[in-house]
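Proteins get letters first, then strands, A, B, ... in listed order; numbering begins at 1 in each.
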2 protein chains.
Amino acid sequence: MPREMDRRAARTRKALHQALLALMLRKGYEALSVQDIIDEADIGRSTFYAHYTGKEDLLRSGFQMLREELKEAQSAASAGAEASHDDPLGFSAAMFEHAARYADHYRTMIGGRGGTVTENEIRLILSEMVRQELPPTLHGDAVPRDFVVQFIVGAFLTTLNWWFERKPKLSPSQVDAIFRRLALEGLSQLIGDERRQVDRPDASRDTA
Amino acid sequence: MPREMDRRAARTRKALHQALLALMLRKGYEALSVQDIIDEADIGRSTFYAHYTGKEDLLRSGFQMLREELKEAQSAASAGAEASHDDPLGFSAAMFEHAARYADHYRTMIGGRGGTVTENEIRLILSEMVRQELPPTLHGDAVPRDFVVQFIVGAFLTTLNWWFERKPKLSPSQVDAIFRRLALEGLSQLIGDERRQVDRPDASRDTA
DNA sequence: ATGATAATGGACAGCTTGTTCGGATTTTCG
DNA sequence: CGAAAATCCGAACAAGCTGTCCATTATCAT
């Protein structure tokens, strides 16, 4: 791999990435043909195949950057609050921040537009992040560990999708609050179920 | 729509549905061509287009049956336990039973194999079911109603996918128990977070 | 500037799609 | 049973996409 890339190559790749992003927002990934991409980017056919093996390759390479940056955000977040195992979803705020900054990219990945490949990819990334944050032991063995991971990742994706589609005006921290409320405390509190009326921990733990 | 269908037409459609199911289990939906389907079903090209406008049409028509049966299962479940608003996820057990019976169908719809169309379709079906079961008012206005719906649907799908991919031996009721544990009570109880150690309601409510 | 290197655009064969025929076959109904 | 009606079939089509090849052109290092 060439550490420094020819300027032409760099420009070509950038153009392709931009074209892909724009088209995915418009038509979704699956409906896209290589033809569409090179038309949008105004790039020759063979040029495309000189750089990537197909649209999936192009897509994946686009993830690389996001993936690394997200990992950094996680590190930063769980380093700040060393209480990683105390608040195992502590990095959720950082994640929503990151999503807000790259809203367009996330939008293409999540919900209908993304398609199978994209969905899988982001699931893997998030899964690993969650797995790291999760404490080594869970109370009781009733709920398998890998299920918990999947559950959280699913909740992330659901939240992101709802955010972008329904309430794009909400700030990352607002979304994070809603997410945590539901994922951490569960549905019982929200739903009828008066009996359990939960003597809630009075929510005055610390700052908010 | 012909109330009674010509036997030949019925056979053709059945063959196409079976072919689609088999191929989706093998290769997934997106990767499928009409060519593959008619080869597998041993049906002429023009015959296919005489019945359906394309593979998506065929797919959707396959849902019809499942959709109706699932609705019935829901009705039955929430009729038995009239406490619909008391235990708003009371039909979850019925849903997992249904999924177990039509495991092959569900398997094609969920997780990688399904593709975008399928995923959307099942999301819609489940969303409506959940929306009906949800009580008219939620405690506090912190969490928007439609978000709760999406959250539950997402949890369903996550659970189904995990079940099929990782622990296909589990019984519907076992899966349901795990699901309810996480969705209703939330993560706090499972995860470190010793402080909140929840004075749990002693779980001796009534029958189980 | 000049040769070496790499990106580029256009053209190619192979495949899938969706449509349109006429003819063969099966079903339905009298 | 027998005829009319409906359905299936196979072939052939234009159009579109895919992935590869090669000659041309632009950039890089010296």
May I have the distance from [X] (atom [atom1]) to [N] (atom [atom2]), rounded to whole angstrom?
| X | N | atom1 | atom2 | value |
| --- | --- | --- | --- | --- |
| B:I43 | D:dC8 | CD1 | P | 8 Å |
| B:H51 | D:dT7 | NE2 | C1' | 7 Å |
| B:D39 | D:dC9 | CG | P | 13 Å |

Is the shortest side-chain N/O distance from [X] to OP1 or OP2 of [N] below 4.0 Å?
| X | N | result |
| --- | --- | --- |
| A:T12 | C:dA7 | no |
| B:Y49 | C:dT19 | no |
| B:R8 | C:dT28 | no |
| B:S46 | C:dT20 | no |

A:A50 side-chain proximity, nearest of C:dT8, D:dT18, D:dA12: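 Output: C:dT8.
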Do B:R45 and C:dG18 share a donor-acceptor pair, side chain to base, under 3.5 Å?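 Pair found.
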How do B:R11 and B:D36 order along DNA chain C: which one's closest nucleotide is nearer the 5' end?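 By nearest-heavy-atom nucleotide position, the 5'-most residue is B:D36.
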So, B:R45 versus B:Q35: side-chain donor-acceptor pair below 3.5 Å or not?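 A pair is found: one side chain offers a donor N or O, the other an acceptor, under 3.5 Å apart.
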Ignoring hydrogens, what is the shortest heavy-atom contact between B:T158 and A:G154? Give both atom names and the distance.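 B:T158 and A:G154 have their closest heavy atoms at OG1-CA, 3.9 Å.
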